[in-house]
Amino acid sequence: MSLELRDIHKHFGRIRANDGVTLRVGAGELHGLLGENGAGKSTLMKILSGFFEPNSGEMTLDGATLSLRSPRDAIAAGIGMLHQDPLVFLPFSVLDNFLLGSPPIDRTAARTELADLARRFGFSFDPDAPTRTLTVGERQQLEIVRLLWLGAKVLILDEPTTGISASQQALLFDTLRTLAGQGMIVIFVSHKLEEIEALCDRVTVMRRGQTVGEVTLPVPIDRLVEMMFGQAVPVVGRVPGVRGEVALDLEGVSVDDRLTSVVDLTLQVRAGEVIGLAGLEGSGQRTLLRTCAGLLRTSAGSIGVAGSDVTTRGYHERIATGVHYLPAGRLEEGLIRGLSITEHFQLAHGSKGFVVPWADARRDANALISRHSIKGTPDTLAEELSGGNQQRLLLAMVPENVRVLLMEHPTRGLDIASADWVWGQLMHRVERGTSVVFASADLDELLRYSDRIVVFFGGRVLKVLDTSEADTDRLGHLIGGRDVA
Amino acid sequence: MRAAWAKAGSKSIAIVLALLFTALLLLASGASPIESFRLIWQGSVGDGAKLADTLMAWVPLVLAASGLVVTFAAGLWNIGVEGQVVMGAIAAAFVAREFHAAPALIITVALAAGVIGGLLWGLLAGMLRVFGKVNEIFGGLGLDFVATGMVVYLVIGPWKRAGIASTSGTDPFPREAWLPTIGDKLSPIAVILAVLAVVGVYFLMRGTFFGLRLKAVGANAASAHIIGLSTRRYLLTAMAIGGGLAGLGGAVQAIGFQHKLVPAISGGYGFLGILVVLLAGYRAALIAPIAFFFMMISVGSTQLSLRLGLNSSLGGVVQGTLVLLTVLVGGWQAQRARRREPTEVES
């Protein structure tokens with residue numbers, strides 16, 4: 001048995017999630033698919049499991065071309081996918097979930113089948129328990145058993161170790177080894193180097209929607225880091241700006257936000273300082289930014305802005321103290337579809353007046369459009385702007401004298417010209433005393449612009465380091481959870 | 001510009017389709033479509049009295065629909081509008097029955113009471129949504145039933161006619177509490193209020209910071225919050241304005257048209273207002289003509305039963321068909337536009 005994906009392309013609007021990806025896996029192989037968040041792994045696997053249709057490219061299983069229009073086609077062809085969040089119906093019983101998607105069958109027979117399969121792999125279920133009483137690990141086990149029963153020969157696991165216990169992980173890995181030993185193809189998607197190292201025979205690495213390479217394990221971990229994040233590029237530090245008073249002062253701050261938490265973090269950000277937040281997506285960077293913005297409540301510690309305690313002040317009150325937050329979702333949590341550039345400026349700049357002076361508003365908008373080189377007119381709607389111009393508009397909406405600017409992925413999805421322009425704008429503000437705290441997945445960006453970098457791993461702060469003592473290599477290791485220095 | 005033409009195009013297609021459908025329906029019931037349409041025209045605007053009827057029905061519909069433009073802009077499906085009309089009518093009826101003063105004062109107070117009654121009922125649905133996480137559709141629907149129950153209770157209970165309790169309504173209000181009329185029915189005050197409401201809402205949505213912020217909250221509450229708007233405040237204010245205007249419609253219906261409280265005091269103007277706003281594409285500017293067209297059909301189709309022996313509910317069928325077809329044609333066009341891939345401004 002062999003599976004081959006050739007030159008797969010998948011675009012979402014202007015985003016090229018998969019841009020020529022190739023993957024080959026043979027029978028009995030435990031194959032890792034490694035890459036950062038956003039590298040295109042999940043998209044590729046959703047194509048292979050019939051959730052998305054590719055724009056172009058070819059998939060073959062045992063030489064036969066696969067044409068998958070739905071997950072049902074995929075499972076009929078023997079391809080089963082275990083999603084990051086197991087797709088179980090929580091109010092249904094274990095047995096009902098097991099039966100979902102199966103041909104009609106006698107429930108007593110199904111009960112026996114389920115018990116047999118579970119015993120084979122050392123799982124134990126109560127078939128009548130509601131699925132919501134199962135742990136994430138048990139839901140995965142149920143899903144694996146179900147996919148096998150439906151005839152899966154190719155099993156895809158998308159980040160399966162998130163949220164499961166160490167013993168469940170060990171059991172999962174044993175199960176996967178057993179399955180591969182029986183000649184199945186197992187594709188293990190992960191961004192965690194250790195897991196790939198411990199489990200897989202071969203690994204394909206993806207970066208920015210493309211296949212970077214394929215290697216047989218074991219290889220030195222540095223090699224994998226380099227493939228994931230790119231060549232270690234010498235980074236030119238930025239010219240030190242004005243370093244003034246403490247602008248943002250975190251004292252022993254703790255926050256809980258479901259999967260991620262910040263525990264007892266003390267960090268002082270001075271005026272004119274740039275702090276980069278590094279880490280895989282969902283490791284806690286967003287939690288910290290939202291806490292500083294006042295969108296999340298702290299469970300301990302205090303937050304000060306320019307000398308005054310703002311711990312108990314909400315988001316809108318913190319805006320008044322000069323703290324601004326620009327989330328990653330530009331059209332989801334920043335701009336408003338259906339409203340024009342002029343209308344956005346009027347919303348952002350606020351006014352105590354009742355009537356909008358539209359003539360003045362359009363004139364102001366024109367001035368801001370040219371000052372921020374936005375490609376659009378005062379009447380252009382937010383959704384008609386390209387990503388780069390949306391980011392310019394968002395920056396233009398932030399007042400000039402902002403004290404602390406909190407940004408998520410300031411240049412994600414932007415072309416190089418727009419990215420440079422955005423940083424030019426930010427640096428211009430930094431030179432005049434604005435502090436910038438930004439999260440990014442781009443190591444070069446972090447190293448080039450930050451004075452200090454806070455590295456998150458697994459929902460916690462792993463390390464705070466000066467950019468002078470960091471390079472891509474070290475940062476890559478830290479992001480993967482290994483401190484080698 | 002092209003979008004505007006497409007919109008106008010879809011409206012025309014829908015109107016033609018709705019007329020064709022109605023014609024077929026009339027043919028199926030054995031009536032001549034041309035004759036029926038002529039009767040509807042004559043029965044609604046054929047003479048001064050008919051026109052007065054149509055205008056007096058138009059007033060509460062326009063008031064409810066204007067308020068709905070505001071709540072829709074805030075992204076709220078104010079299904080509770082029907083109950084807000086009823087509560088406005090109840091509040092005005094209370095003043096008309098219990099308050100004795102100069103006519104001008106009674107009328108002013110009764111209208112103001114109508115606004116407040118509807119406003120509070122709207123605010124209640126809004127608070128259930130904002131603080132109780134009750135979707136305004138379900139909260140509003142529940143409050144509709146409460147309001148309808150309340151009016152029936154008042155009519156056959158505490159406010160029943162002397163001697164007999166009848167669902168035909170309370171005793172008429174004292175003459176001083178009636179809206180003054182020109183001729184038999186037409187109340188200039190009512191018409192002026194409706195015109196003011198449309199113009200006011202148009203200006204509010206187009207010209208003011210409040211309207212702009214309301215649109216922002218309605219289009220994307222998450223972004224609006226990040227930009228710095230208090231979404232709760234805008235949602236509640238929208239419900240208050242929507243409820244207040246609906247309540248005013250109820251008050252006009254009570255002291256300007258029925259002159260007593262009847263169980264069906266709302267006249268269904270709240271729900272009909274939702275259809276008008278859907279057909280108007282949520283824009284205040286189109287409310288007045290569309291509402292007038294709707295009332296021509298409603299008032300005129302009573303002639304069909306008198307003259308052709310058809311059921312007058314045919315008017316409702318035409319109105320419903322029209323809205324469904326407009327939404328359907330709009331949906332088709334949107335789908336076709338999507339297939340053609342959106343054109344974007346390149347960076």
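Below, chains carry the letters A, B, ... as their sequence lines are ordered, and counting in each starts from 1.
The contact between A/L331 and chain B is made entirely by backbone atoms, counting heavy-atom distances below 4.5 Å. Contact annotation for A/Y325: both backbone and side-chain heavy atoms come within less than 4.5 Å of a heavy atom of chain B. Interface residue B/L204: only side-chain heavy atoms are found under 4.5 Å from chain A. Proximity to chain B involves both the backbone and the side chain of A/Q346, based on heavy atoms less than 4.5 angstrom apart. Heavy-atom distances place both the backbone and the side chain of A/L347 under 4.5 Å from chain B.
A distance of 5.5 Å separates CG in A/L406 from CG in A/L289, rounded to the nearest 0.5 Å.
Of the candidates A/Q285, A/E445, A/H409, A/E445 is the only one forming a side chain to side chain donor-acceptor pair (under 3.5 Å) with A/S440.
For the set A/L339, A/L335, A/V356, the entry with the most heavy-atom pairs within less than 4.5 Å of chain B is A/V356. Contact tally against chain B (heavy-atom pairs below 4.5 Å) for A/E332, A/R330, A/H324: the top residue is A/E332. Ranked by heavy-atom pairs under 4.5 Å with chain A, the list B/A222, B/A219, B/G207, B/A224 is led by B/G207.
Ion pairing of B/K215 with A/E343 is present here, as a side-chain N (NZ or NE/NH1/NH2) and a carboxylate O approach within less than 4.0 Å. Of the charged side-chain nitrogens involved, none lies within less than 4.0 Å of a carboxylate oxygen, so that A/D442 and A/R412 do not count as a salt-bridged pair.
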For a salt bridge (charged side-chain N to carboxylate O under 4.0 Å, His left out) check, start with the C-alpha distance between A/R290 and A/E333, then their side-chain angles and the critical distance, and finish with the verdict. CA-CA 12 Å; A/R290 291 175 74 83; A/E333 310 172 275; 3.5 Å; yes

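In this structure, B/F72 and B/W77 have perpendicular ring planes: the angle between them is above 60°, well past the 30° mark.
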